[in-house]
Each structure stands twice: as structure tokens, then as C-alpha cells.
Amino acid sequence: MKNMMEVQALTFTYNGATEPSLKRINLPIEKNKVTALIGPSGCGKSTLLRGMNRIHDLYPGHRYDGTINLLNSDGEAYTDILTIKKEAELIRLRQRVGMIFQKPTPFPMTIFENIAYGLKLSGVKKRTQIEEVVEQSLRDAALWGEVKDRLSLDARSLSGGQQQRLCIARAIALKPEVILFDEPTSALDPISTLAIEEMISVLREQYSICIVTHNMQQAARISDFTGFMYLGEMVEFDKTETIFMKPSVKQTEDYISGRFG
Amino acid sequence: MELIFKKLAQLSASLVFFILAATALVLYLSARPAIEEFGLGFLFESRWGVEETRAQPVLSPNQVVDEMPVIDEQADALLDDDFIDDEDDFVGDDDDESSGDTRIVYGALVPIVGTLFSTLIAMFFSIPIAMGIAVFLSEIAPKLLAKPVGVAIELLASIPSIIYGMWGLFYFGPFIAGIFGGNTVSLLVAGLVLGIMVIPFMAALSRDAISTVPDMLKESAYAMGATKLEVIKDVVFPYAKSGIIGSIILSFGRALGETMAVAFVIGGVYQFVGKVTDPTNSIPVVLANSFAESSGLSLSVLFYLALILFAMSFIVIAVAKFFFLRRK
Ligand SMILES: Nc1ncnc2c1ncn2[C@@H]1O[C@H](COP(=O)(O)OP(=O)(O)OP(=O)(O)O)[C@@H](O)[C@H]1O
Ligand SMILES: [Mg+2]
């Protein structure tokens, strides 16, 4: 099986920083698998994730070195997304690599418009097609039953957990190839968290997923591969069982058993 | 301790209402002789300070006299002693003046129209520019530029309005007259000077509203492939909507009641505007110009005008709030 994405020897330096925040990171994102990133606060997990859709580029002056390969739609060759310069291609990249944030971020519009927003951006006009995609995305995000009667309400009237599922529905409406989750459940209650975890294990069948989490059990429950990061380095990357059962680096073991971080 | 705070807060809050009510009441009481004399017809009368013979039955004085005592009694019941004294003065003067068979007619139509139109011109002119500045400062300009420009805008917003008036009279008015023809003082010049005056104020407030949009929200729109323009249009503006509308309403109120800047450039003549380049008048300017030489009924007329201005600001703000800020 080919990898969907491959981060190779990525070094990333924030604007004005003297030290790089990521140091020669390698990370494969396998197709239709869930890859988890764990590590103590400030080790660079978000920084890495935000490089994979070049959201860093919204702010000027950051520096990338290395390669982030993304599998072309033909499934054969790779393109290094760090070579993208044109605005239009960056937009295309972000449609192919979706992102879910730490807190729910419903747009100030109705539930329907939230989900349809990505389609609208990519120029889809046909009403029937939009309605179809909206319904399908909400079903995939396990939210259809709860909101189907109030699609024209402001999305901010939903509960936090529902809002986060709305954001996921909004992302998958664009049919991305990769979805990046940055601690998607850190602001949610246990039940909403469980709903999102279940959803992620279903979404895996269609998408390749990379998720940052502070919750070790969550990583163990839902991921196939886990990378442990520390101080901007990828300390260990392996199958999730291996990382949790018999990690080969002492630091990983200490972190997982809760001895630091 | 907490109790004291609570009481203090309550006190300040109710003080606001008290001041509002007291202002309205004082205006009303001082304006009452004029209200009795001219009634609501005042609003639609375009003459000012013109003598006419009394035998005109348009505003039947009898009717007014018949109705007034009822209101008198109600109002008296509300009054403190201070107010009654004031009122007595006015009533006395009133009697003196209207005892002849001619009377002097006053009407508010010209300054009402002047006030409304100069404010509307100001708004049409300032809203797009102020929004442009606000968006530029908060979303587009690099930090290095946004900081100093932002400070400059705040400084501009704090320039006393009389300076805008002087500048308008000596430089901007002739400049506008050169382009559009007409007088160097006119409704158009007044509107534009007002507009320029509120731009920094509106821009600074709107920028503050826009900068409350969370980065994460904007980033999630970018993460779906939105361009900067789309993020501003679909996310930033709707999110900051109530703050932006608030800034517009405040600016509107400021323009409506602005005196010094307008006094220099509107002309101060009682004349209907045929073209926007004609000079005319506005309520605050009439008030400022005429208080010194007024007494008796003519003074009461000014209070009537002030009451109208008060009501106009009140209505504008209430309507704006009702339409724009209610739905959530
Ligand atoms: N905008 C920025 N400019 C400069 N340095 C930054 C910036 N954002 C993050 N950093 C630094 O980069 C390092 C990695 O931060 P990052 O946010 O990726 O950590 P994280 O692993 O996601 O932490 P957390 O678990 O708390 O979210 C930190 O040392 C941080 O101080
Ligand atoms: Mg983070």
C-alpha cells in the first residue's frame, strides 16, 4: 500500500525564532489508516500538522526545509507540496488536505450554509447536487438525525459536540484525501468525544487521517500508527501496538506510562 | 464588599436612565411654550423668524388652548419646584409676545432636512472608506504598518471637530466648489466634512470589532480553500457584524449632533436646498448660533428644536438596533 503523504526530513522555523521548532521530521501517512501524534505540550505536534496543509503560510516569514510529498490523484507519483507557490494551487492543496481544529469553529451562517461553504468556494452552483452533498456529509458525520429539521438555523446554536461534528461534516463535504485533526476533542465532554472517535474509525474507510491528541487512551483506541514527538523531534514512530506495548526508546516508554509530560 | 459593588453598579446604571429622563423632561418643559404655540406644524413649517398676521386659522389657537390644561396638570404633578419656576418665566414671556395681532412664525423643516441630509451624505461617504480602512488594518496590512497607521487613525479621531470645520471652510469647501460648482459652503461640503470627520472614529471602532474574530475561525475558512477576500466577506464581516453596526450607529449619532464642524461649512441660511451644493442649515448649528440673542418664545423655539434633535437621535438609534442587532 502506498503512503498518502510522506514528510521527509522536515525542518521548520517560525518567523523570528532562532531555533527550529521541527527538526528533521519523518512521518508517513498511510492510506486509509489513522496516524496519531503524541508528545508533551510544545513539542511541535501542531506545527507539524499545520505544515501538512501549509496553513502556516497565512503568516509571513516562516521557513520550511525538507519535503512533504502528497500522492497525486493518479495514485502513482508524488508532488512535494513545499514547492507550491501559486495561491490557486495552495487553495487546491487545502481542499485535498482538510483540517479540524482544537475548538469547534462554526462559521457565522446557517448549518446548511456551513456544510455547503466548501462547495460554494469551489464553484458548485447546482442546488440538487449541493443538497445531496450536504445530506451525505451530515450522515457521515453522524449529525443528520439531530439537525435535519433545523438546517436553516445559525450553526452557533448547536452544542459544542455537535459543532465539532459539523466542522467534520464541513470538511468531508469537500471530499478531501487527507484529514488532519488537531486535538479535536480537547474541548468536548466524554460522550461527544466518544461520538467523534467512533466517527473517525468509520471515516478511515474513505480518508487517510492524521490526529494529534493529548489523550493516550484515545491514541491507543483509534490509531493504527503512532508517532511520539519530543522537543521538535520525532523520537519514535511505529505501529500503535508496538508503541504502546513495547516501545524501543526509553523516552517513549516514560511518556506513555505517565512519568513525564 | 461584593454587596457594595453590586449597589454601586446598580446606582450607576440607574443614573444613566435618570439622566436620560431628566434631559428629555427639561427639554420638554422649556420647549412647551413653543409647542403650545406652533404644535406639530412646526415640523413642516419652513419659515423662520417671519412675521405674519395672527388671523390665520391654520393652527387654531383655541384648540391648542383647550387641550393644553389637561397636559398642564399632568406635567405639573411631575414637577419639582425648580421646574415650575422656569416654566413660569416662559409662560410670562409668551403672553407678552403673542398679545399683538401679528406673531413671529418659526419652523423646523429647513434645519431638520439639513441635518438629515448632511448626515446621510456623511454616512454614504464614510461607511465604505471606514470599512476599507478597518479591514486593511486588521486583515491585510503587515503588522509593521498596521500599528503606526492604527495609532494615526486614533489620533485623527480625537482631533476637535472645530479644526475639521476650519479646514473645511478654508480648503475643502473651495476645493469641492471647484469640482461640483456651487457655493464653498453648502449641504454637500457639510456632509463630506462630517463624513471625513467620522471616518477615523468609525474605522477605529470597526477595526476593534474585526480584531475580535478568532484566528482559528479564519484559519478554518482558509483550510477549506477560501481566499482572503472570501474569508473577509463570509467569515470576518458576519462574525463582527454587531460590532461594526454599532460603530456605524455611534458615528451616525455623532454626525447627527455635530455642531462646530458643520457650523463652518453649511452656510447657516434658512433656505431649502434645491441642489446639494446650496447652503442650508442644521439643527445644532441653529441652536449654537441663536441662543445668545434669544429670549421668551424664540428661546423656547430653540428648545423645541433641541427636543426634535433628541428625538431624532433616539429614533435613529432605536430603529437601527431593532433592525440590525435583534436577530441572533
Ligand atoms: N507562531 C509561533 N511563533 C513562534 N514560535 C511558535 C509559534 N507557535 C508555536 N511556536 C513554538 O513552536 C513550538 C511547538 O509548538 P506547537 O504549537 O507545535 O506545540 P504542540 O505540540 O502543538 O503543543 P500543544 O500540545 O500544547 O498544542 C513551541 O515551542 C512553541 O513555543
Ligand atoms: Mg497544539
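Residue numbers begin at 1 in each chain, while the letters A, B, ... track the order of the sequences.
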Indicate yes or no: at least one non-hydrogen side-chain atom of [X] is less than 4.5 angstrom from one of [Y].
X	Y	value
A/Leu71	A/Glu177	no
B/Ile159	B/Tyr164	yes
B/Leu250	B/Arg254	no
A/Asn3	A/Ile29	no
A/Ile211	A/Pro184	yes
A/His62	A/Asn15	yes
B/Leu20	B/Val16	no

With a 4.5 Å cut-off on heavy-atom pairs, point out which of B/Pro238, B/Ala226, B/Ser220 contacts chain A the most. B/Ser220

State whether a side-chain donor-acceptor pair under 3.5 Å links B/Tyr222 with A/Asp57. no

Could you tell me whether the side chains of A/Gln164 and A/Ser192 share a donor-acceptor contact shorter than 3.5 Å? no

Would you confirm whether A/Lys33, through its side chain, and A/Ser223, through its main-chain N or O, come within 3.5 Å as a donor-acceptor pair? no

May I ask you to decide if A/Arg54's main-chain N or O and A/Arg94's side chain share a donor-acceptor pair within less than 3.5 Å? yes

Look at atom CZ of A/Arg150 and say whether more than 12 heavy atoms of other residues, nucleotides or ligands are closer to it than 6.0 Å. yes

Atom group of [X] that falls short of 4.5 Å from chain B, counting heavy atoms:
X	value
A/Arg170	both
A/Pro60	neither
A/Gln102	both

Answer yes or no: is there an ion pair linking B/Lys6 with B/Glu2, defined by an N-O contact shorter than 4.0 Å? no

Within residues 113-125 of chain B, residues adjacent to chain A where the heavy-atom gap is under 4.5 Å: none

Members of residues 189-210 of chain B whose heavy atoms come closer than 4.5 Å to chain A: none

Close contacts, residues 116-134 of chain A versus chain B, judged by heavy atoms under 4.5 Å: A/Tyr117, A/Gly118, A/Lys120, A/Leu121

Which label fits A/His56 and A/Tyr14: parallel for a plane angle under 30°, tilted from 30 to 60°, or perpendicular past 60°? perpendicular

Which of parallel (below 30°), tilted (30 to 60°) and perpendicular (above 60°) describes B/Phe175 and B/Phe172? tilted

Looking only at heavy atoms and a cut-off of under 4.5 Å, which of A/Leu90, A/Asn53, A/Leu174 has the most pairs with chain B? A/Leu174

Specify which of A/Val97, A/Ile55, A/Leu93 makes the most heavy-atom pairs with chain B at under 4.5 Å. A/Ile55

For residues 131-142 of chain B, please give each side-chain donor-acceptor pair under 3.5 Å, one per line with the distance, not counting sequence neighbours.
| from | atom 1 | to | atom 2 | distance (Å) |
| --- | --- | --- | --- | --- |
| B/Ser138 | OG | B/Ala134 | O | 2.7 |
| B/Glu139 | OE2 | B/Lys218 | NZ | 3.0 |

